[in-house]
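Since the structure comes first, as structure tokens, the remarks are kept for the end.
Predicted, not measured: the structure shown is a model, and the values here were computed from it. Here, residue 1 is the first one in the sequence, and each next residue gets the next number.
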Amino acid sequence: MENRALRDWMDTVEPYVVPLSDVARSFTDLTGVPVDLSSALFRRAQLAGLERPGRTSANGSCHLLQAADGWTAVNLARPDDLAAVPALLSLLGSPVAETGGLATAVRRVTTAEAAEAAWLIGIAAAVPGSALGGRPAVRIERWGERRVREMAGLRIVDFSALWAGPLCARLLGLAGARVVKVESETRPDGARLGTPAFYRWLHDGHDNMVVDFAPGALDELVAEADIVIEASRPRALRRLGLRAEEFLAARPGRVWVGITGYGRENDRIAFGDDAAVAGGLTGLDPDGDPVFLGDALADPVTGVFAAHAVARSLAAGGGELLCVSMAACAATLAEAHTGVRPPC
């Protein structure tokens, strides 16, 4: 029954994510580790018993709302986002107690105005397809010297949370790397609040450390690492004294993976569902209007892209900062589906 459930989810998106199989096969060629895309993309939905999405995401937090000139995705993924809805309504020029709430307010403005108002107060939002034709899924910067090494035994320090980064770490761990997941004492991984079985699956076999994220507290841990995975704004880690460029320059062959919504140069936050919308990775209803595909699809897609990028970098000697954009990963698949450009 479990495999059938995963297969049913895969059937809904297969025409869109078939190009991802090329990335997965390349990862397997580099590491010897097969990638089960149905599990990678839909195990959370299967374990949590999620329903297939429509105009509301599978997990219920992200909403495709009709604006005056199209559609906008607004993701109320955190308690703080829900608390900020009155402020968002105010920015949109609507009374807080108005019937219809956010949907009514968005209908009066343009897609860009709705998204920009959400971004202003830190809520993830996206205009469908806005990331199409932009940056590559993985942008590579060289900061260190090359040294070719096998994956087996390399030490990964994983500062990421939720899904994309941990999936990247899981795949690299299956290839033989030793993974240490590091969480803040005051801000643990939000995925712990979700389905426990899914969290265990992502982090199976990994060590775990809970640390006070204070300046200097992470120096020794990072000094021992061969690979760092993180999903933070660069300035957040710099405040702690961690700089990708210095890490890569300090020892040949290292790799640093920075996963963000739109690139390290862009401070906008993103989650899997809204990043997929930005990348144009959506379906269409019978009227030709957008609907969500899968479950936070940009998250696992990004995890596979990131793991492949690390394996490819190590095979070439490393020394690289891999800047992985969730919206661009989604856009790469959407563009490949329409024949615009190849997936990798």
Residue pair S94, R108: steps toward the side-chain hydrogen bond (donor to acceptor under 3.5 Å, both in side chains) verdict: CA-CA 9 Å; S94 293; R108 296 195 186 106; 3.0 Å; yes
For A161, does its backbone N or O pair with a side-chain atom of K181 as donor and acceptor, under 3.5 Å? no
Evaluate the side chain to side chain contact (heavy atoms under 4.5 Å, CB included) criterion for residues V210 and N208: first the C-alpha distance (whole Å), next the side-chain angles of each, then the deciding distance (0.1 Å), finally the verdict. CA-CA 7 Å; V210 179; N208 184 251; 3.9 Å; yes
For W143, does the CH2 atom sit with more than 12 other heavy atoms under 6.0 Å from it, leaving out its own atoms? no
Where L297 and D273 come nearest, the two heavy atoms and their spacing: N-OD1, 4.4 Å
Kindly check if the number of other-residue, nucleotide or ligand heavy atoms within 6.0 Å of CD (E245) is above 12? yes
So which of V310, I229, I259, I227 actually passes side chain to side chain contact (heavy atoms under 4.5 Å, CB included) with L322? V310
Keeping R251 on the side-chain end and A225 on the backbone end, is there a donor-acceptor pair under 3.5 Å? yes
Under a 4.0 Å threshold between the charged nitrogen and the carboxylate oxygen, would R235 count as salt-bridged to D267? yes
Return yes if some donor-acceptor pair links the side-chain N/O of R192 with the main-chain N/O of Y199 below 3.5 Å, else return no. no
Is it true that D207 and R178 have a side-chain N and a carboxylate O under 4.0 angstrom from each other? no
Look only at the side chain of D285 and the backbone of D287, and say whether a donor-acceptor pair between them is shorter than 3.5 Å. yes
Shortest non-hydrogen contact from P34 to T28? CA-OG1, 3.4 Å
Take T260 and R264 through the side-chain hydrogen bond (donor to acceptor under 3.5 Å, both in side chains) test and state the conclusion after the steps. CA-CA 6 Å; T260 58; R264 286 167 63 87; over 6 Å; no
Parallel, tilted or perpendicular: which fits the ring planes of H206 and H203, with parallel below 30° and perpendicular above 60°? perpendicular
Considering residues, nucleotides and ligands other than E265, do more than 12 of their heavy atoms fall under 6.0 Å from its CD? yes
Would you say that more than 12 heavy atoms from the other residues, nucleotides or ligands in this model lie under 6.0 Å from the CD of E14, or not? yes
Atom CZ of R142 with >12 non-hydrogen neighbours under 6.0 angstrom: yes
Taking atom CD as the centre, does E224 end up with more than 12 heavy-atom neighbours from other residues, nucleotides or ligands that are less than 6.0 angstrom away? yes
With distance as the sole test, does E230 use its side chain to make a donor-acceptor pair with the main-chain N or O of F159 at under 3.5 Å? no
Electrostatic pair E320-R312, nearest N-O below 4.0 angstrom: no
Please lay out, stage by stage, how L92 and L102 fare under the test side chain to side chain contact (heavy atoms under 4.5 Å, CB included). CA-CA 9 Å; L92 295 173; L102 190 56; 4.0 Å; yes
Backbone of D22 reached by a side-chain donor or acceptor of S26 within 3.5 Å: no
Less than 4.0 angstrom from a charged side-chain N to a carboxylate O is my criterion; do D299 and R44 meet it? no
Would a distance-only check, ignoring hydrogens and angles, find a side-chain to backbone donor-acceptor pair under 3.5 Å from T72 to V127? no
Would the distance check show the side chain of D69 and the main-chain N or O of T111 forming a donor-acceptor pair, the cut-off being under 3.5 Å? yes
Identify the heavy atoms of R170 and W201 that sit nearest to each other, and give their distance. NH1-O, 2.7 Å
Just by modelled atom types, is the G133 backbone N or O under 3.5 Å from a matching donor or acceptor in the E335 side chain? yes
